[in-house]
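Encoded as structure tokens, the structure appears first; notes follow it.
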Amino acid sequence: MPKTLEGQITMEKTPSYFVTREAPARIYALSHDTKLIVVVRDPVTRAISDYTQTLSKKPDIPTFESLTFKNRTTGLIDTSWSAIQIGIYAKHLDNWLQYFPMEQILFVSGERLITDPAGELGRVQDFLGLKRIITDKHFYFNQTKGFPCLKKAEGSSKPHCLGKTKGRTHPNIDPEVVQRLRDFYRPFNMKFYQMTGRTFGWDD
Ligand SMILES: Nc1ncnc2c1ncn2[C@@H]1O[C@H](COP(=O)(O)OS(=O)(=O)O)[C@@H](OP(=O)(O)O)[C@H]1O
């Protein structure tokens, strides 16, 4: 981590921290008052997105449907598959709460980040104790990309969208498998809503 001057905030981003067992203790040892930000989305869509990313690198992997189950006939879900495991947010959060209080953790809604980026970033700025500098004025909806983009990129006057690897088209998944996953995640989602005090709306 770089040295931080008075008045500066140092940020570090790594996708795997939230689900890494050793991460909370290590970060706690570095600083007890680190603020933690996690972007979460519907765990079923997350699993499909995860699979889509792997598929783009390894086109020969088995289907999503076959990786989901330990046993398709009994409907037993393979919770050791990382795409499934990562979406059990309540379990990962438990691990962090052994070290950090809820007040130091902010969960950003991945869905709201798309439908209302300024609103979600407003929450981030408040959480970090910053003035709300980033507002609606900074975003526009790019029809081609199908996502919000920045009107001006940092240090440039040109608009900026996230790259091709963000916002990929997902494959169609057997609706029965999707339903089975919804049923699987529901109790974990409910626990997660309770723990965070926010209803993310994945089970509506
Ligand atoms: N503004 C904007 N533009 C493009 N994409 C957006 C945006 N906001 C959120 N998203 C969603 O971000 C998802 C990719 O982020 P990841 O966290 O999976 O990326 S990564 O882990 O760093 O590869 C990506 O997931 P997929 O749709 O599955 O590709 C997007 O849905």
Side-chain angles (χ1 to χ4, degrees), residues 11-21 23 27 35-59 61-65 67-68 81-89 91-93 96 105-125 127-128 132-175 177-178 181-182 184-185 189 192 196 198 200-204:
M11 301 189 74
E12 203 269 347
K13 174 199 158 214
T14 303
S16 56
Y17 279 165
F18 186 52
V19 299
T20 302
R21 269 216 85 78
I27 295 177
K35 290 188 180 181
L36 306 155
I37 303 175
V38 188
V39 182
V40 284
R41 74 197 288 194
D42 179 342
V44 180
T45 327
R46 209 215 74 81
I48 300 170
S49 171
D50 195 323
Y51 174 79
T52 308
Q53 194 175 76
T54 311
L55 192 66
S56 73
K57 292 176 201 150
K58 297 183 199 159
I61 55 168
T63 63
F64 179 88
E65 288 84 345
L67 289 167
T68 295
W81 183 29
S82 62
I84 305 277
Q85 171 69 220
I86 294 171
I88 310 175
Y89 303 136
K91 185 184 139 242
H92 306 303
L93 177 54
W96 285 88
I105 315 177
L106 179 74
F107 287 93
V108 172
S109 158
E111 288 80 13
R112 302 283 303 167
L113 204 52
I114 297 168
T115 55
D116 179 20
E120 225 33 44
L121 283 164
R123 296 179 71 244
V124 172
Q125 292 168 98
F127 174 72
L128 295 175
R132 285 197 174 203
I133 302 275
I134 302 165
T135 64
D136 264 332
K137 287 192 303 217
H138 293 84
F139 297 95
Y140 74 101
F141 189 83
N142 184 303
Q143 295 291 348
T144 318
K145 176 86 182 157
F147 283 93
C149 298
L150 282 174
K151 282 185 191 161
K152 280 183 200 169
E154 170 105 59
S156 144
S157 56
K158 288 194 193 133
H160 176 73
C161 293
L162 293 181
K164 278 201 208 86
T165 61
K166 315 277 174 188
R168 292 188 180 99
T169 308
H170 294 174
N172 287 325
I173 305 298
D174 180 341
V177 175
V178 170
L181 279 173
R182 297 223 160 280
F184 167 77
Y185 279 119
N189 289 345
F192 184 65
T196 56
R198 186 173 185 191
F200 287 85
W202 302 320
D203 299 277
D204 301 343

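Just follow the structure's listing: the first ligand is 1, and inside any ligand the first atom is 1. Start at 1 with the first residue, then count along the sequence.
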Practice task
Enumerate the protein residues lying less than 4.0 Å from ligand 1, judged by heavy-atom distances, in chain and residue-number order.
Solution key: R41, S49, Q53, I114, K145, F147, P148, L162, K166, G167, R168, H170
Practice task
Give a yes or no on whether a salt bridge exists between E111 and R198, defined as a side-chain N under 4.0 angstrom from a carboxylate O.
Solution key: no
Problem - F64 and W81 aromatic centres sub-6.0 Å - result: yes
Handout entry: Test ring pair (Phe, Tyr, Trp, His ring centres under 6.0 Å) applied to F200 and F107, F192, Y89, Y185, the passing residue
Key = F192
Fill in the blank from the handout: CD (E65) and CG (L181) are apart, to the nearest 0.5 Å, by 9.5 Å
Problem - Spacing of R182 atom CZ and D203 atom CG [to the nearest 0.5 Å] - result: 7.5 Å
Exercise for the section: State whether the side chain of K35 and the backbone N or O of F127 hold a donor-acceptor pair below 3.5 Å, judged by distance alone. Expected result: yes
